[in-house]
Each structure stands twice: as C-alpha cells, then as structure tokens.
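Remarks on the structure that follows.
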Amino acid sequence: MPTPISPARRNRALVLTRRPTRWSVLVPLVGVLAGVMLTVSSVAARGTDLRGDATGLPELIRERQLANARRIAQIERLQAQVDAAAAAAAPANAELTGLTATVERLGEDVGTVPVHGPTVTVALNDSALTSEELPDWANVNDIVVHQQDVQAVVNALWRGGAEAMTIMDQRVIATSAVRCVGNTLILRGRVYSPPFVISAIGDPDALEAALAGDPQIQRYQEYVAALGLGYAVERTGEKTFPGYAATLDNTYARAVR
C-alpha cells in the first residue's frame, strides 16, 4: 500500500509543477516598468511641476501686456517732452515754420498726428453656440472670428476712403499688421479677445457702401445668419483718433519724387 502524501507536500508539488501564466509574468514586468518611468519623470522634473510653464502662460501674457502698455505710455511722455524742448530751443523763423507744416502734412498721411471726423464702427464677435449645438456641416472653426475676417473689414474701410482707422482703440497705419492667434488678436504686443472693434473716420455713406459690397464680408455674413457670429455696423459720431505713437521702422521705404 503506497504511503499517503501529506497536504503540505501536495501543495508544494503543485506550486513547483504549475506552468506560469501570462499574468504571472506580466504583473512583475509592469511593476518594474512603472518604477523606471517614475524615476525618469522625477529626474526630468528635477523636483518641479512638468506642466508648470503651461499653466502659467495666461499670467505671463498678462504681465507682458501690462509691461508693453507701460512702455508705450513712457514713449508717449518722452516724445511730448522732446517736442516741447525742440519747440522751445529752435528759432522761430520762416524756414522752420515751413518744415513744421510739412511734417504735420506728412504726418496726416503716415498716421502720426491726431485726426478728427465722423466715424463708422464695426464689431465682430464669436458665436454663442457650443460645439454640441453645431449642425453636421460645421465645426468649431466656423464659430470664431478669424484674422481674415478682421482684415476684410480693414481693407473694405480703406477702399471706402477711410482717412484714419483704429482697431481696439489703437491707431492703424500702413505698416500695422493684423494677426490672430487662436481667437485672440495681437496688436503692438497687446492681446485682445473678441468682440473686435474697428473704427474709421471718413464719409459714412462711402464706408458703409464699401462694407456692404465686399465679397469676403458677404461670405462672413452668411455664417452670421447660419451660426450666430457677431457683425454690427454703426455710425458712432464725431471722434478724434490719436496719432500712432510707436516707433516707425520703415526698412524698405523710399522718398516719393
């Protein structure tokens, strides 16, 4: 009669002869890989938040915007002091008077002197629709104001005979660039959110006719009707636009004969 096997020996035999399963191999391997990844992340972060730069971006933009505003205000104050000192020190003769008149006349074309007159104002705004409310043919890009929409309004107003223009209360000149990043507008280092407001001094009838007849604006108005984008044109009365205060850096400009 064979000798009976004790329960302890039977269990030990089962452990030794059992074939390893896929999970019995993968679980230790996953544990090792997790430890390696944690170590690499710790070294890369060097004790800091790996997403710290991203979360601080809005605050950084606000800081740069305030700094730019302070510098522009300082430039305007210094320019006023320089003009006052030059006027006090220079002799008041006929030649100087003529040069001053020439500078003022050219300043009207360049945009460096204030301009007063009747204004037409255009406001562009994003739609209030959410992505879940969009029709099948539309996407999220169709419910925000883009750079080409702002540029279309600016170009139409120039064609309508605008004598001077502002975007978000900043004076626009020939070298001003309209740039959008996402749904924000960047002008001279400042960041603006919609609604984007463009105002022009000129004949109101001619300005409004130029806006109404522009093909790009007509296309934009189709999205206004279909998706609720904002578009408003208003006669805003007599206003004075300030002169362009930043430095003029015309690298390729030549004097007109």
Side-chain angles (χ1 to χ4, degrees), residues 54-70 72-73 111 119-160 162 164-202 204 207-208 210-237 239-242 244-246:
T55 56
L57 185 57
E59 183 63 30
L60 178 61
I61 292 176
R62 285 191 291 269
E63 291 177 0
R64 294 293 186 268
Q65 187 171 349
L66 291 174
N68 287 334
R70 287 193 294 268
I72 290 173
T119 60
V120 170
T121 298
V122 181
L124 305 175
N125 203 358
D126 293 346
S127 171
L129 294 179
T130 64
S131 58
E132 291 78 12
E133 298 171 325
L134 293 178
D136 294 338
W137 56 267
N139 59 61
V140 291
N141 289 320
D142 296 325
I143 57 176
V144 297
V145 178
H146 293 285
Q147 176 175 314
Q148 62 266 26
D149 303 323
V150 179
Q151 191 67 64
V153 172
V154 171
N155 291 340
L157 291 172
W158 285 132
R159 284 194 300 270
M165 193 180 305
T166 62
I167 301 177
M168 307 300 284
D169 294 327
Q170 285 200 45
R171 184 70 180 272
V172 177
I173 62 173
T175 57
S176 297
V178 176
R179 292 196 303 117
C180 288
V181 177
N183 67 335
T184 61
L185 178 68
I186 300 177
L187 290 172
R188 286 170 55 189
R190 300 185 190 179
V191 181
Y192 299 96
S193 298
F196 303 133
V197 179
I198 306 103
S199 297
I201 290 178
L207 295 175
E208 290 179 349
L211 291 168
D214 186 87
Q216 285 186 266
I217 296 178
Q218 292 172 357
R219 177 65 172 166
Y220 176 83
Q221 287 180 310
E222 294 177 5
Y223 285 79
V224 172
L227 299 176
L229 283 170
Y231 180 75
V233 180
E234 181 183 3
R235 297 191 182 193
T236 44
K239 288 188 176 183
T240 299
F241 290 172
Y244 184 80

(Q) Looking at N139, is its backbone amide N or carbonyl O close enough to the side chain of D142 to form a donor-acceptor pair, meaning the two atoms are under 3.5 Å apart? (A) yes
Q. Are any of the side-chain heavy atoms of Q216 and Q151 separated by less than 4.5 Å?
A. no
Q. V153 versus Y220: any side-chain heavy-atom pair under 4.5 Å?
A. no
Q) What's the verdict on side-chain contact (heavy atoms from CB on, under 4.5 Å) for W158 and V172, showing C-alpha distance, side-chain angles and the deciding distance? A) CA-CA 11 Å; W158 285 132; V172 177; 4.2 Å; yes
Q. Between T121 (side chain) and T236 (backbone), is there a donor-acceptor pair under 3.5 Å?
A. no
Q: With the side chain counted from C-beta on, respond yes when D169 and P242 share a heavy-atom pair under 4.5 Å apart, and no when they do not.
A: no
Q: Would you mind reporting whether N141 and H146 have side-chain heavy atoms less than 4.5 Å apart?
A: yes
Q.
Within the supplied structure, the quantity of interest is the number of heavy atoms (other residues, nucleotides, ligands) at a distance under 6.0 Å from R179 CZ; does it exceed 12?
A. no
Q) How far apart are the closest heavy atoms of V224 and L229, and which atoms are they? A) CG1-O, 3.2 Å
Q. Are I167 and L185 close enough, and set up right, to give a side-chain contact (heavy atoms from CB on, under 4.5 Å), and what steps lead you there?
A. CA-CA 10 Å; I167 301 177; L185 178 68; 3.7 Å; yes
Q. So do Y231 and V122 actually touch side chain to side chain, heavy atoms under 4.5 Å?
A. yes
Q.
Can you tell me how far apart OG1 (T184) and OH (Y192) are? Round to the nearest 0.5 Å.
A. 12.0 Å
Q. Any idea which heavy atoms bring F241 and R171 closest together, and the distance?
A. O-NH1, 4.0 Å
Q.
Keeping Q218 on the side-chain end and A212 on the backbone end, is there a donor-acceptor pair under 3.5 Å?
A. yes
Q: Give the minimum heavy-atom separation between E208 and V233, together with the two atoms involved.
A: CG-CG1, 4.3 Å
Q: With rounding to the nearest 0.5 Å, note down the distance linking CD1 in I143 to CG in L134.
A: 4.5 Å
(Q) For the CE atom of M168 and the CD1 atom of I186, what is their distance to the nearest 0.5 Å? (A) 13.0 Å
Q. If you take all heavy atoms of T119 and G237, which pair is closest and at what distance?
A. OG1-O, 2.7 Å
Q: Find out whether L211 and L157 are in side-chain contact, i.e. whether some heavy atom of one side chain is under 4.5 Å from a heavy atom of the other.
A: yes
Q: Mind listing the closest non-hydrogen atom pair of A200 and A162 along with its distance?
A: CB-CB, 3.9 Å
Q.
Looking at every heavy atom in both A152 and D214, which two are closest together, and how far apart are they?
A. CB-OD2, 4.3 Å
Q: Supply the atom-to-atom distance I201 CD1 to T166 OG1, rounded to the nearest 0.5 angstrom.
A: 8.0 Å
